[in-house]
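Inspection log for the structure reproduced underneath, given as structure tokens.
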Amino acid sequence: MRLKEIYDKIDRIYPKRLSDEYVAAYGGRDNSGILLDTGCDINGAVFSLDFSQGALNAAEKAGYNLIVTHHPAIFFPISSIRTDDPLGARVVCALKHSVSVISMHLNMDCAAGGIDESLSMAAGARQIPSPNEPVENGGYGRIFEIEPVSYSMFVKNLMSVLHTNRSFSYGEEGTICRVASFCGSGIDANAIAAAKRGGADVIVSADIKHNFICDALESGMRVVQLTHYASENYGFKKIYQSLKDSLGIPSVYHEDKGLL
């Protein structure tokens with residue numbers, strides 16, 4: 001099967017235009033789409049949150065020549081490709097073994113049924129919450145009610161659902177009724193202000209800067225800081241499960257468990 005055929009099947013459900021729309025409306029940058037095309041017919045795919053050496057090893061083991069990632073395999077322009085650089089080594093390895101790469105980043109965050117929505121459901125949302133930063137048929141950031149639970153139990157339940165053993169929890173014990181969740185590294189001053197307006201008892205995200213943790217705590221909210229990987233792997237795996245039977249090629253899911 002041609003690479004473009006597989007890309008089109010994914011793009012129909014998680015369209016790249018959502019990424020373009022989000023960047024145009026809210027800023028930032030992205031690099032989603034077909035990022036490495038070796039020109040070969042595709043015989044199978046490895047889904048992996050990252051374009052990692054582990055994903056390349058999984059592709060070699062399975063005999064597949066496509067990796068589908070969430071995080072862009074190439075995010076910024078490359079000025080040189082060298083095997084003594086981790087990204088360069090991965091690109092050379094992929095080309096050497098005729099492995100193509102599709103990356104679907106902000107579109108998979110924002111889409112209905114996407115990664116940001118999945119994090120909110122993992123955190124206990126009673127129903128699918130509306131996004132704080134909407135785009136057509138989706139968006140980013142959720143503020144929602146959950147069944148009242150103690151803070152310590154909320155953290156325990158969330159880590160169990162996400163299959164992670166790592167998190168930082170800030171703030172004192174109390175009852176959690178409303179949650180603000182932002183997959184990946186989505187916390188900034190605007191996110192904290194939105195969470196406060198929405199009456200959130202706790203903010204859930206990853207890669208949170210110290211000053212934003214301080215601001216959230218001084219605004220009366222608690223903070224659960226997950227690993228970036230754990231905040232998004234859960235949702236990306238659900239996307240894989242929804243896509244795998246419709247791609248027309250065999251596929252497997254790879255986890256870099258050291259990052260969970």
Do [X] and [Y] have side chains that get closer than 4.5 Å, going by heavy atoms?
| X | Y | result |
| --- | --- | --- |
| L259 | D50 | yes |
| I192 | M221 | yes |
| D256 | S48 | yes |
| D201 | T175 | no |
| L49 | T69 | no |
| R142 | P131 | yes |
| C93 | Q53 | yes |
| P148 | C177 | yes |

Test question: given the 4.5 Å side-chain rule for I, L, V, M, F, W and Y, name all other residues clustered with [X], or answer none.
| X | value |
| --- | --- |
| F75 | F76 |
| M121 | I128 |
| F144 | L119, I146, V149, Y151, M153, F154, V155, L158, M159, V161, L162, I176, V179, V202, V204, V224, L226, Y234 |

- [ ] Consider only side-chain N and O atoms of S98 and N65, and report whether a donor and an acceptor are under 3.5 Å apart.
- [x] no
Single-linkage hydrophobic cluster [X]~[Y], side-chain heavy atoms < 4.5 angstrom:
| X | Y | value |
| --- | --- | --- |
| M108 | V23 | no |
| I203 | Y140 | yes |
| V91 | Y64 | yes |
| V99 | L35 | no |
| I34 | L243 | yes |

Between [atom1] of [X] and [atom2] of [Y], what distance do you get to the nearest 0.5 Å?
| X | Y | atom1 | atom2 | result |
| --- | --- | --- | --- | --- |
| L260 | Y229 | CG | OH | 6.0 Å |
| F182 | D116 | CZ | CG | 8.0 Å |
| N165 | K257 | CG | NZ | 11.0 Å |
| L3 | D41 | CG | CG | 10.0 Å |
| I249 | L66 | CD1 | CG | 5.5 Å |
| Q241 | K244 | CD | NZ | 7.0 Å |

What's the shortest heavy-atom distance between [X] and [Y], and which atoms?
| X | Y | answer |
| --- | --- | --- |
| L106 | S32 | N-OG, 4.1 Å |
| A73 | V101 | CB-CG1, 3.7 Å |
| I239 | G113 | CG1-O, 4.2 Å |
| R222 | G171 | CG-CA, 4.1 Å |
| A111 | I13 | CB-O, 4.3 Å |
| Y14 | S242 | OH-OG, 3.4 Å |

Would a distance-only check, ignoring hydrogens and angles, find a side-chain to backbone donor-acceptor pair under 3.5 Å from [X] to [Y]?
| X | Y | answer |
| --- | --- | --- |
| S100 | T38 | yes |
| Q225 | F168 | no |
| T164 | A230 | no |
| S219 | D215 | yes |
| S181 | I143 | no |

- [ ] Evaluate the side chain to side chain donor-acceptor pair (under 3.5 Å) criterion for residues R82 and S80: first the C-alpha distance (whole Å), next the side-chain angles of each, then the deciding distance (0.1 Å), finally the verdict.
- [x] CA-CA 6 Å; R82 308 187 317 273; S80 65; 3.0 Å; yes
TODO: Return each pair, listed once, that meets salt bridge (Lys or Arg N to Asp or Glu O under 4.0 Å) where at least one residue sits in residues 12-22; pairs must be two or more places apart or across chains.
DONE: K16-D20, R17-E136
Task: Full working for side chain to side chain donor-acceptor pair (under 3.5 Å) between H70 and D109 - done: CA-CA 9 Å; H70 173 50; D109 282 335; 3.1 Å; yes
Task: Criterion ring pair (Phe, Tyr, Trp, His ring centres under 6.0 Å) on Y240 and Y253, from CA distance to verdict - done: CA-CA 7 Å; Y240 163 72; Y253 193 85; 5.4 Å; yes
TODO: Indicate yes or no: does E255 engage K237 in a salt bridge with an N to O separation below 4.0 Å.
DONE: yes
TODO: Any chance you could lay out the side chain to side chain contact (heavy atoms under 4.5 Å, CB included) test for L247 and F47, step after step, and finish with the verdict?
DONE: CA-CA 12 Å; L247 295 179; F47 279 68; 3.7 Å; yes
- [ ] Would you please test V46 and V68 for side chain to side chain contact (heavy atoms under 4.5 Å, CB included) and show each step?
- [x] CA-CA 6 Å; V46 171; V68 180; over 6 Å; no
Open item on the list: Run the side chain to side chain contact (heavy atoms under 4.5 Å, CB included) test on C110 and E133 for me, step by step, so that the C-alpha distance in whole Å, both residues' side-chain angles and the decisive distance to 0.1 Å come before the verdict.
Closed with: CA-CA 9 Å; C110 292; E133 295 177 333; over 6 Å; no
TODO: Check salt bridge (charged side-chain N to carboxylate O under 4.0 Å, His left out) between E173 and all other residues, then give those that pass, not counting sequence neighbours.
DONE: none
TODO: Report the C-alpha separation of Q127 and E145 in whole Å, then their side-chain angles, then the decisive distance to 0.1 Å, and conclude whether the side chain to side chain contact (heavy atoms under 4.5 Å, CB included) test is met.
DONE: CA-CA 9 Å; Q127 57 188 12; E145 291 186 358; over 6 Å; no
TODO: For Y26, enumerate each residue passing the ring pair (Phe, Tyr, Trp, His ring centres under 6.0 Å) test, keeping only those at least two apart in sequence or located in another chain.
DONE: Y22
Task: Enclosure of K9 NZ (heavy-atom neighbours >12, cutoff 6.0 Å) - done: yes
